[in-house]
**Student:** 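Please see the structure below; I have some questions.
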Amino acid sequence: MKGHYFFFGILMIFLISMPILIIWDWNKNRELPIKELLKNFGDKRKIYIGIFVVFAITEFFIPLNKDRGIEFNSERRILGIPELKVDWKKDKAQSGKFTTYWWKPKLHKGHFKKVIEYGILNAKTETDYYNVNGKGTFAWSKYDFRRDTFEYFIEKPNNKRTSFTESGKLKIEKLTIIEKVEKSEFEKYVSE
């Protein structure tokens with residue numbers, strides 16, 4: 001829906017600025033007849049309309065391939081990416097033009113969310129989130145389609161929540177620490 005507002009904004013700019021440009025051109029060249037002014041503006045209008053058409057194409061046709069739903073599970077199986085289950089729902093409110101969010105209907109321990117990010121032509125990354133212990137600690141795997149690689153992350157509780165700065169002031173640290181880990185550590189953490 002956000003993209004439609006963007007397109008509507010571009011359309012309004014186009015419609016408002018067209019007459020302004022005609023008047024400005026006429027004001028600059030008052031000695032020319034109207035017929036000559038319209039001819040001159042016709043050449044400029046082609047460029048202007050070209051820019052407008054590029055925005056329209058960008059709005060309606062990019063990304064070109066956004067088909068990464070349940071029907072993509074056979075490719076996920078081959079690539080080793082966790083699959084979408086039949087009961088998972090696409091979150092239309094959170095999803096945008098270049099991002100799709102899939103949620104498990106009943107949140108509990110385990111795999112609960114999938115986020116697919118798209119580039120202009122195809123999917124860029126697919127990230128799977130896991131609720132590890134049911135108490136708000138998370139882990140996630142990120143598959144990069146362009147490089148054909150996985151990255152694994154774990155969010156762990158921060159045991160050192162307070163520290164002192166060099167000047168002696170008390171510093172409160174974040175409640176959790178995000179670490180990039182190896183696949184074996186990630187799988188062990190998720191299976192616990």
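Just so you know, residue 1 is the first one in the sequence shown, and it goes up from there. These numbers come from the heavy atoms of this one structure, side chains and all, not from hydrogens, waters or symmetry mates.
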**Student:** Nearest 0.5 Å, please: how far is CH2 in Trp88 from NZ in Lys113?
**Tutor:**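 Reported value, rounded in 0.5 Å steps: 10.5 Å.
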**Student:** Closest heavy-atom contact between Arg76 and Pro82?
**Tutor:**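 Nearest heavy atoms, Arg76 then Pro82: CD-O, 3.3 Å.
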**Student:** Which pairs, with at least one residue in residues 80-89 and sequence neighbours excluded, count as a salt bridge (charged side-chain N to carboxylate O under 4.0 Å, His left out)?
**Tutor:**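 Matches after skipping sequence neighbours: Arg77-Glu83.
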**Student:** Would you say Ile81 and Lys114 make side-chain contact, with heavy atoms under 4.5 Å?
**Tutor:**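 They are in contact (side-chain heavy atoms under 4.5 Å apart), so the answer is yes.
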**Student:** Let me confirm one number: the CD-NZ distance from Glu117 to Lys142, rounded to the nearest 0.5 Å.
**Tutor:**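 Here the rounded value is 5.5 Å.
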**Student:** Who pairs with Tyr129 by ring pair (Phe, Tyr, Trp, His ring centres under 6.0 Å), at least two apart in sequence or on another chain?
**Tutor:**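 With sequence neighbours excluded, Tyr129 shows a ring pair (Phe, Tyr, Trp, His ring centres under 6.0 Å) to Trp140, given in chain and number order.
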**Student:** How would you list, by chain and number, every residue that makes a side-chain hydrogen bond (donor to acceptor under 3.5 Å, both in side chains) with Lys92, sequence neighbours excluded?
**Tutor:**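 So Lys92 forms no side-chain hydrogen bond (donor to acceptor under 3.5 Å, both in side chains) with any residue.
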**Student:** Do the side chains of Val181 and Ile177 join up, straight or via other hydrophobic residues, at under 4.5 Å, putting them in one cluster?
**Tutor:**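 No, no single cluster joins them.
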**Student:** Any chance you could measure Thr100, atom OG1, to Tyr118, atom OH, to the nearest 0.5 Å?
**Tutor:**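 Thr100 OG1 to Tyr118 OH: 4.0 Å, rounded to 0.5 Å.
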**Student:** Go through the steps for Leu79 and Asp148 under the test side-chain contact (heavy atoms from CB on, under 4.5 Å), then give the verdict.
**Tutor:** CA-CA 8 Å; Leu79 295 170; Asp148 192 26; 4.1 Å; yes
**Student:** For Phe150 and Asp128, what are the C-alpha separation, side-chain angles and deciding distance, and is it a side-chain contact (heavy atoms from CB on, under 4.5 Å)?
**Tutor:** CA-CA 11 Å; Phe150 276 98; Asp128 291 280; 6.0 Å; no
**Student:** Taking Lys104 for the side chain and His111 for the main chain, is one N or O donor matched with an acceptor at less than 3.5 Å?
**Tutor:**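 Answer holds: yes.
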**Student:** Hey, could you give me the CZ/OH distance between Phe186 and Tyr130, rounded to the nearest 0.5 Å?
**Tutor:**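 One finds 5.0 Å between CZ of Phe186 and OH of Tyr130.
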**Student:** Within the side chain of Ser141, is there an N or O that forms a donor-acceptor pair under 3.5 Å with the backbone of Tyr152?
**Tutor:**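 No; zero donor-acceptor contacts below 3.5 Å.
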**Student:** Could you grab the distance from atom CZ of Arg147 to atom NZ of Lys124, nearest 0.5 Å is fine?
**Tutor:**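 With rounding to 0.5 Å, CZ (Arg147) is 11.0 Å from NZ (Lys124).
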**Student:** Any chance you could lay out the side-chain contact (heavy atoms from CB on, under 4.5 Å) test for Asp91 and Trp102, step after step, and finish with the verdict?
**Tutor:** CA-CA 6 Å; Asp91 187 345; Trp102 289 87; over 6 Å; no
**Student:** How many angstroms lie between CD in Glu126 and CD1 in Ile116, if you round to the nearest 0.5 Å?
**Tutor:**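 If I round to the nearest 0.5 Å, the distance is 4.5 Å.
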